[in-house]
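A quick note: this is a predicted structure, and the numbers were derived from the prediction, not measured. Order of listing sets the numbers, starting from 1, for every ligand and every atom in it.
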Amino acid sequence: MIHFIDGQFLAKDSINVSIDDRGYYFGDGVYEVVKVYDGELYTAEEHIERLFQSASKVKMTVPYSEQQLIDIAKELVKVNGIVTGHIYMQVTRGVAARVHQFPNPGTAPVVTAYAVHNPRPMKTIENGVRTIIVDDIRWLRCDIKSLNLLGNVLAKQEAYEAGCAEAIFVRDGIVTEGSSSNMFGIKDGVVYTHPASNLILNGITRRVVLKLCEQNGITVKEETFSPDEALEMDEFFMTSTTAEITPVIMIDGKAIGSGEPGPITKKLQEAFTRQIPVSVVGE
Ligand SMILES: *Cc1c(COP(=O)(O)O)cnc(C)c1O
């Protein structure tokens with residue numbers, strides 16, 4: 001596969017990255033994942049814009065324009081022949097001897113990106129997934145898509161060890177989000193999700209779903225709910241760039257609603273599929 005690093009497109013095996021990269025020492029960087037459907041980038045502008053926002057929130061500059069980053073992503077799709085997959089893109093604060101404070105202003109941020117073939121996860125989209133609840137031990141700037149993902153990594157691992165696909169974070173008695181997804185509950189026809197704040201990553205898929213609710217006459221309340229309320233929901237689902245809209249059929253061993261993907265979730269999934277350019281279904 002051909003990767004992008006610092007202005008060049010290179011074969012993965014020929015790439016050397018510095019051991020002094022601050023991404024390596026501190027996780028000092030930000031990233032994005034952009035979905036590719038039928039060889040086309042999906043909601044790329046929104047993702048690139050969020051990358052700039054994440055960078056700005058940690059006082060980092062991105063050494064390219066939004067259009068240049070989109071062009072890099074398009075080139076990766078092309079040279080790697082990606083039909084359905086995604087682009088991963090990250091920016092670190094650059095290469096410098098390891099001290100916590102920022103390096104000299106002249107230090108160039110390091111931009112890397114790659115493309116990967118990744119079919120739509122149709123099995124879990126159709127059948128749903130099981131989840132567990134874990135303590136949200138992360139920092140208080142979850143609105144930044146930071147490379148620092150230890151809290152997320154530990155949560156996801158705990159879920160996998162419990163035979164589940166995702167961990168649902170709870171902070172101060174409130175469901176915030178998943179380890180790599182946003183969480184939605186449906187009660188009496190109303191869709192609930194944690195408001196966009198410093199406690200969650202405001203997902204692009206989350207925003208698409210909010211728009212689809214509006215377009216389909218489904219009431220949404222960006223209001224918090226507790227784990228107990230989550231268990232009492234009629235339906236539950238999670239969203240992310242790669243998971244799209246995935247039904248959550250079980251939380252901590254307890255079935256949600258009928259224990260199967262619910263009707264409003266399915267309606268939203270159909271609306272989602274209608275607005276992505278897919279002529280082929282996933283695997
Ligand atoms: C990336 C991410 C999401 C989902 O965001 P999308 O833009 O929909 O992919 C949700 N939560 C966390 C913690 C994430 O890192």
Side-chain angles (χ1 to χ4, degrees), residues 23 27 29-37 41-55 57-58 69-70 73 84-91 113 116 118 120-121 124-125 129 131-159 165-171 174-185 191 193-213 220 222 224 236-248 268-269 271-273 275-276:
V30 295
Y31 76 104
E32 275 299 326
V33 176
V34 185
K35 189 76 194 175
V36 179
Y37 293 113
L41 299 172
Y42 173 71
T43 57
E45 290 80 9
E46 288 85 343
H47 283 279
I48 301 295
E49 195 177 303
R50 188 174 65 189
L51 183 72
F52 276 82
Q53 285 164 359
S54 292
K57 286 170 178 176
V58 297
L69 289 181
I70 287 175
T84 308
H86 65 259
I87 302 287
Y88 175 85
M89 208 172 248
Q90 74 171 42
V91 188
V116 66
N118 185 19
R120 301 178 65 204
T124 47
I125 286 175
V129 294
T131 62
I132 56 166
I133 284 179
V134 301
D135 273 347
D136 196 344
I137 60 163
R138 301 173 301 162
W139 71 332
L140 295 171
R141 292 307 304 274
C142 298
D143 54 311
I144 299 168
K145 214 162 172 71
S146 154
L147 293 183
N148 275 279
L149 289 170
L150 268 180
N152 310 63
V153 166
L154 291 175
K156 185 78 92 185
Q157 179 61 21
E158 205 176 319
E166 181 60 303
I168 302 176
F169 283 126
V170 170
R171 191 195 293 269
I174 294 296
V175 169
T176 50
E177 63 176 331
S179 76
S180 61
S181 59
N182 293 113
M183 290 292 162
F184 296 75
V191 175
T193 195
H194 195 289
S197 71
N198 63 308
L199 299 182
I200 69 158
L201 194 282
N202 184 2
I204 305 299
T205 322
R206 174 187 183 276
R207 300 179 213 175
V208 169
V209 164
L210 295 183
K211 202 191 290 170
L212 291 175
C213 285
V220 184
E222 291 182 72
T224 60
F236 212 87
F237 65 89
M238 62 185 207
T239 65
S240 81
T241 293
T242 51
E244 301 181 2
I245 299 172
T246 294
V248 170
L268 285 168
Q269 287 179 318
F272 186 88
T273 305
Q275 49 87 60
I276 56 173

Find all atoms of ligand 1 within a distance of less than 4.0 Å from any non-hydrogen atom belonging to [X], and give their numbers and elements.
X    : result
S179 : 13 (C)
G203 : 5 (O), 6 (P), 7 (O), 8 (O)
E177 : 10 (C), 11 (N), 12 (C), 13 (C)
I204 : 6 (P), 7 (O), 8 (O)
H47  : 7 (O)
Y31  : 15 (O)
S181 : 10 (C), 11 (N)

Fit a plane to each ring of F184 and F237, take the angle between them on a 0 to 90° scale, and name the class: parallel (under 30°), tilted (30 to 60°) or perpendicular (over 60°).
-> parallel

[X] side chain to [Y] main-chain N or O, any donor-acceptor pair under 3.5 Å?
X    : Y    : answer
R50  : N202 : yes
H86  : V116 : no
R120 : T84  : no
Q269 : I125 : yes

Report yes if some N/O of [X] lies less than 3.5 Å from some N/O of ligand 1; otherwise report no.
X    : answer
T205 : yes
T239 : no
N182 : no
T241 : yes
S240 : no

Return yes when atom CG of N198 has more than 12 non-hydrogen atoms of other residues, nucleotides or ligands closer than 6.0 Å, and no otherwise.
->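 Above 12, so yes.
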
Looking only at protein heavy atoms, identify the closest one to atom 14 (C) of ligand 1 and say how far it is in Å.
-> K145 NZ, 3.0 Å

Please say which of E222, H194, E177 ends up in a side-chain hydrogen bond (donor to acceptor under 3.5 Å, both in side chains) with R206.
-> E222

Is there a side chain to side chain contact (heavy atoms under 4.5 Å, CB included) between L69 and F52 once you walk through the steps?
-> CA-CA 11 Å; L69 289 181; F52 276 82; 3.6 Å; yes

Mind checking whether N152 contacts ligand 1 via backbone (N, CA, C, O), side chain (CB onward), both or neither, at a 4.0 Å heavy-atom cut-off?
-> side chain

Side-chain donor-acceptor pair under 3.5 Å between E166 and S179, yes or no?
-> yes

May I ask whether R50 has any heavy atom positioned less than 4.0 angstrom from an atom of ligand 1?
-> yes

To the nearest 0.5 Å, what is the distance between CD1 (I204) and CD1 (I48)?
-> 10.0 Å

